[in-house]
Q: 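Encoded as structure tokens, here's the structure I'll be asking about.
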Amino acid sequence: MTSGPYDALIIGAGIVGSACSVEFSRAGLRTAIIEASVTGGGATAAGMGHLVVMDDSEAQFALTKYSLELWTELAQELPRTVEFDPCGTIWVAADEQELAAAKKKKDLYAAGGVDSEIIDSHALEKAEPNLRRGLAGGLLVHRDSVLYPPLAAAYLVEQAVSLGARLHRSAAIEITRRGLRLADGSLIDAGVIVNAAGVFAPALTPELPVRRRKGHLVITDRYPGWAKHQLVELGYLKSAHSDTSDSVAFNVQPRITGQLLIGSSRQFGIDDAGIDTVILSRMMRRACEYMPGLETLLAIRIWTGFRPATVDNLPFIGPWPGRDNLYIAAGHEGLGITTSLGTARILADQVLGRPSKISITPYLPSRVGTEAMSVESE
Ligand SMILES: Cc1cc2nc3c(=O)[nH]c(=O)nc-3n(C[C@H](O)[C@H](O)[C@H](O)COP(=O)(O)OP(=O)(O)OC[C@H]3O[C@@H](n4cnc5c(N)ncnc54)[C@H](O)[C@@H]3O)c2cc1C
């Protein structure tokens, strides 16, 4: 593709850039990954690692479902350190109204070929005895899984390197017509540049509308078997959509280590990575409403991270208009761990001119500046 040393340069070894590096290397492209810091050390290290099919929009459903299929295939080869666990998700319905919403969700999933089942109050109590009594039931989504995101990214980069890719520990400071300028002033040529720098992507592509959405997580000491599925309140869907106010939702994940990961919070307009005790207390109160016994467990670490968010809740995957060597793979908000593999596959399809298994149109960066990007999607 080019007379330079590389066909493709990928900026960022978060989960998205890492996945792209394997996909490109597997396709025979001479690939380099440019990472300013630690592999998987950005939003990827802060993420919960819930691999989840979501249905806020048709496009989100298509990309999450496709990505789950790719993760399920890859699971066979993942080392134990990646902590892949196909534990499934239970969307918890607090009352009959939420149970009705769960039933709708089930029908939609069934129509799209995603296996799930409604469980009643009694079955929910049996499946998760530490949930509070009196909940209406829930939707169990069988194939959803969890993993440990930074080591998943590290594994993907290792695979790419074993296929011939190079990892450069350096900051990219400018995308040029022919390649990249690095922090030490050196220039690297390549046929294709991929901006996969997460929340930092706009620093290199200034017109790219990706903004930060802060989140908090808490991890406990080890309590094996305390929860068995990823547990999320159905109200999460409302809070994840709110563009105007801070929001929290009950979201608990069992780790293979026996630890519990407790979330989640969402805040816009904040650059400070410090712990916000007000929203943290709200988040923990919400978690304890659903699982009262959480109050008695020992928390060992609290951290924050920034999701790379877009106005229409869909990532940018594809060529950047007006720059024929530049591609974007950024803006995955709270689903980047899940959708990294699907992103990498459909990006490689575009670079190589291959057909894609799902429609690529909803994710194209050419939607920037159109009406789709001027209003928050519902
Ligand atoms: C609290 C929280 C919980 C989450 N939970 C989940 C979840 O359960 N499931 C899910 O699917 N997603 C989840 N997410 C979202 C997910 O973590 C992100 O969408 C995903 O990690 C984004 O990956 P990325 O590769 O785009 O960005 P990042 O992981 O941030 O990677 C970008 C990389 O680019 C590097 N970089 C930046 N600028 C430069 C430069 N100029 N030169 C070289 N390198 C550069 C950075 O150092 C970084 O390593 C969560 C996020 C948060 C914050």
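Just follow the structure's listing: the first ligand is 1, and inside any ligand the first atom is 1.
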Q: With ring centroids as reference points, do Phe61 and Tyr109 lie under 6.0 angstrom apart?
A: yes

Q: My understanding is that a hydrophobic cluster links ILVMFWY residues whose side chain heavy atoms are under 4.5 Å apart, including indirect links. Using that, what else belongs to the cluster containing Val199?
A: Phe200, Phe306

Q: Tell me which donor-acceptor pairs under 3.5 Å the side chains of residues 158-165 have, and how far apart each pair is, sequence neighbours excluded?
A:
unit_1 : atom_1 : unit_2 : atom_2 : d
Ser162 : OG     : Gln159 : O      : 2.7

Q: Between Asp312 and Arg367, is there a side-chain N and carboxylate O pair less than 4.0 Å apart?
A: yes

Q: Below the 3.5 angstrom mark, is there an N/O of Ile337, backbone or side chain, next to an N/O of ligand 1?
A: yes

Q: Please work out whether any backbone atom (N, CA, C, O) or any side-chain heavy atom from C-beta onward of Ala201 is under 4.0 Å from ligand 1, and answer side chain, backbone, both or neither.
A: neither

Q: Are any non-hydrogen side-chain atoms of Trp320 and Glu207 less than 4.5 angstrom apart?
A: yes

Q: Identify, for atom 30 (O) of ligand 1, the protein heavy atom at the shortest distance, and state residue, atom and that distance.
A: Ala43 N, 2.9 Å

Q: Mark the output for Ser170 as yes if a heavy-atom distance to ligand 1 is under 4.0 Å, and as no if none is.
A: yes

Q: Which residue and atom name correspond to the protein heavy atom nearest atom 29 (O) of ligand 1, and how close is it?
A: Thr44 OG1, 2.5 Å

Q: Return the option from Ala172, Ala183, Cys20, Ala203 holding the heavy atom at the smallest distance from atom 42 (N) of ligand 1.
A: Ala172

Q: Does Thr338 reach ligand 1 with a nitrogen or oxygen that is under 3.5 Å from one of the ligand's nitrogen or oxygen atoms?
A: yes

Q: Where the closest heavy atom to atom 31 (O) of ligand 1 is concerned, which of Gly49, Gly41, Gly14 has it?
A: Gly14

Q: Of the listed options (Ala171, Gly17, Gly336), which comes nearest to atom 20 (C) of ligand 1 when hydrogens are ignored and any heavy atom counts?
A: Gly336

Q: Where is the nearest protein heavy atom to atom 46 (C) of ligand 1: which residue, which atom, and how far?
A: Glu35 OE2, 3.5 Å

Q: Considering only heavy atoms, which of Ala46, Gly215, Gly40, Gly305 lies nearest to atom 2 (C) of ligand 1?
A: Ala46

Q: Under 4.0 Å, counting heavy atoms only: does Gly334 come that close to any atom of ligand 1?
A: yes

Q: Would you check whether Thr339 has a nitrogen or oxygen atom less than 3.5 angstrom from a nitrogen or oxygen atom of ligand 1?
A: no

Q: Any idea which of Ala36, Ala19, Ser18 brings a heavy atom closest to atom 45 (C) of ligand 1?
A: Ala36

Q: So which protein heavy atom does atom 24 (P) of ligand 1 come closest to, and at what separation?
A: Val16 CG2, 3.8 Å

Q: Based purely on interatomic distance, does Leu217 place a nitrogen or oxygen under 3.5 Å from a nitrogen or oxygen of ligand 1?
A: no

Q: Quick one: does Arg307 get an N or O within less than 3.5 Å of an N or O on ligand 1?
A: no

Q: Would you mind checking if Glu128 and Lys228 are paired as a salt bridge, meaning a charged N to carboxylate O distance below 4.0 Å?
A: no

